[in-house]
Amino acid sequence: MPELPEVEVVRAGLAPAVTGARVLGVEAHDVRALTRHPGTAADFEARLGGRTIVGTARRGKFLWMPLSDTASGAGPECIMVHLGMSGQMLLRAPGAPAERHERVRISIEHPDHGELAIVFADQRTFGSLAIDALIPTLDRQPGGYGDATPLVPQQAAHIARDPLDPAFDDALFRRRVAGKGSAIKRVLLDQTVVSGIGNIYADEALWAARVHPETPARDLSSRALNRLLAEVRAVLAKALAEGGTSFDAQYVNVNGEAGYFAHSLNAYGRHGEPCPRCGRMLIRVSFANRSSHYCPFCQRASRQR
DNA sequence: GGAATAACCTGGATGC
DNA sequence: TGCATCCAGGTTATTC
């Protein structure tokens, strides 16, 4: 499932191929891939045609590609992308056969690389593209990773910065967590508190920090919270270095290749196997319409203070 | 206002 | 072999 490392791999893969490229044409095959777009599919196609992609940026799981200004003088805009659970952004040669679950194809011409196709494919149709307005960030810091401009898509403005963002505010994160009575795992998954973390990396970071997923957030000591934040960063960075987590064909980079981090998972999906730390059995429990995987021995709720 | 829950969606895995 | 059911989970609207 695309979480921060997977989205960053996609962004980094797109950047050299799309920055400076002009949009030659757009084919929206499935309107479900445009649920975030405020207009029709025809409007999406018309507003994108002829524009130049001037960069790539990412905040948490949101990815965007700023566009050149329009002749009409409308404010700055971007192509906003959310991969949802199964979205893929693929780079293909012009005229390449349609991908399975292909929803949108954007044909571009790059001054150095020539013609290419950006293909958005999505099996479960939770992902979406949109043309969105770019608005100033409240803290006047760059809107996201990969672009120094202090602008962020309107639809991603409510999302907190992610832990790998240089402008991430550790103190603000601690204050927000300390004010929550919910389970710490639920707080980690709350994109308005900290972005980029999904079910996989939440389980991995909690395991690494020895924190029980159902510990009330406000019960965590400063020490435990600092340890957890450090482990979140470590897990995300390691996954990023290994190209992200792929269990099946659900996540691939822009060339259709899988990542390797699934081999490094310690807790997620390993229920019934021995804990790599203590050797006791890892378990899986139902949690907030999800599954939680943890070690009931070395992640005890009573050990947080 | 904060917190919890359901719904959206598809295809692979599983059970009968 | 074929059909029905379950499960995966990011985001958001709805409900409490």
Side-chain angles (χ1 to χ4, degrees), chain A residues 1-8 10-11 29-38 58-64 80-89 98-104 120-130 132 152-160 162 175-206 213-219 232 236 239 244-252 258-259 261-262 265 267-272 283-294:
Chain A
M1 309 302 163
E3 301 183 30
L4 184 156
E6 291 77 31
V7 180
E8 176 54 25
V10 171
R11 188 207 64 76
H29 307 301
D30 191 334
V31 295
R32 291 176 300 177
L34 299 174
T35 52
R36 290 179 179 274
H37 183 66
R58 179 197 53 76
R59 178 185 291 200
K61 304 167 194 170
F62 285 80
L63 166 67
W64 65 93
M80 217 279 298
V81 181
H82 197 289
L83 299 178
M85 290 178 57
S86 54
Q88 301 173 344
M89 290 288 276
E99 297 289 328
R100 196 178 181 199
H101 308 304
E102 179 170 326
R103 311 296 181 188
V104 178
F120 178 69
D122 189 11
Q123 179 200 98
R124 297 181 189 171
T125 68
F126 279 20
S128 179
L129 307 184
D132 196 18
V152 65
Q154 198 160 32
Q155 294 185 34
H158 67 293
I159 297 298
D162 62 67
R175 283 199 301 276
R176 297 222 46 201
V177 172
K180 296 280 187 181
S182 302
I184 184 62
K185 178 169 176 180
R186 189 185 292 275
V187 176
L188 288 179
L189 294 175
D190 184 344
Q191 305 297 299
T192 66
V193 176
V194 55
S195 67
I197 305 170
N199 205 40
I200 297 171
Y201 298 119
D203 279 358
E204 289 300 303
L206 288 165
E214 295 189 44
T215 307
R218 63 165 67 107
D219 286 357
V232 166
L236 293 176
T245 304
S246 305
F247 293 110
D248 45 32
Q250 303 269 320
Y251 160 70
V252 293
F261 191 69
L265 294 172
Y268 182 86
R270 301 209 175 279
H271 52 285
I283 63 171
R284 181 182 70 172
V285 299
S286 180
F287 177 85
N289 293 329
R290 302 283 181 273
S291 291
S292 272
H293 308 77
Y294 66 99

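In what follows, chains are A, B, ... by sequence order, proteins preceding strands, each numbered from 1. As the structure is a computational prediction, the values presented were derived from the model and not from experiment. Both backbone and side-chain heavy atoms feed into the values below; hydrogens, waters and symmetry mates do not.
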NA contact type, A:Phe62, heavy-atom cut-off 4.0 Å: base, sugar-phosphate, or nothing? sugar-phosphate

Taking five pairs at each end, how big is the angle between the two axes of the helix from B:dG2-C:dC16 to B:dC16-C:dG2, to 10°? 50°

For A:His158 and C:dT12, is the shortest distance between a side-chain N/O and OP1 or OP2 below 4.0 Å? yes

Taking only side-chain nitrogens and oxygens of A:Gln191, does any of them come within less than 4.0 Å of OP1 or OP2 of C:dG10? no

Check whether any side-chain N or O of A:His101 sits under 4.0 Å from OP1 or OP2 of B:dC9, and answer yes or no. no

Partner set under side-chain hydrogen bond (donor to acceptor under 3.5 Å, both in side chains) for A:Lys61, not counting sequence neighbours: none

With salt bridge (Lys or Arg N to Asp or Glu O under 4.0 Å) as the rule and sequence neighbours excluded, what pairs involving residues 190-202 of chain A come up? A:Lys180-A:Asp190

Tell me every residue that passes side-chain hydrogen bond (donor to acceptor under 3.5 Å, both in side chains) with A:Arg186, counting only those two or more places apart in sequence or in another chain. none

Using side-chain hydrogen bond (donor to acceptor under 3.5 Å, both in side chains) as the criterion, list what pairs up with A:Asp132, not counting sequence neighbours. none

Quick one: label A:Ser291 by what it contacts on the DNA or RNA (base, sugar-phosphate, nothing), any heavy atom closer than 4.0 Å. sugar-phosphate

Name the orientation class of the two ring planes belonging to A:His82 and A:Phe62 (parallel below 30°, tilted from 30 to 60°, perpendicular beyond 60°). perpendicular

Test for a donor-acceptor pair under 3.5 Å between the base of C:dA8 and the side chain of A:Arg290, counting only N and O atoms. no

Does C:dG10 have OP1 or OP2 sitting under 4.0 Å from an N or O in the side chain of A:His82? no

Contacts of A:Phe126 and A:Ile159 projected onto DNA chain C by closest heavy atom; the upstream (5') one is A:Phe126

Using atom names, set out every protein N or O paired with an N or O of nucleotides 2-4 of chain B below 3.5 Å, distance rounded to 0.1 Å.
{"unit_1": "B:dA3", "atom_1": "OP1", "unit_2": "A:Gly181", "atom_2": "N", "d": "3.1"}
{"unit_1": "B:dA3", "atom_1": "OP2", "unit_2": "A:Lys180", "atom_2": "NZ", "d": "3.2"}
{"unit_1": "B:dA4", "atom_1": "OP2", "unit_2": "A:Ser182", "atom_2": "OG", "d": "2.9"}
{"unit_1": "B:dA4", "atom_1": "OP2", "unit_2": "A:Arg186", "atom_2": "NE", "d": "3.1"}

If only side-chain N and O atoms of A:Arg103 are considered, is one of them under 4.0 Å from the OP1 or OP2 phosphate oxygen of B:dC9? no

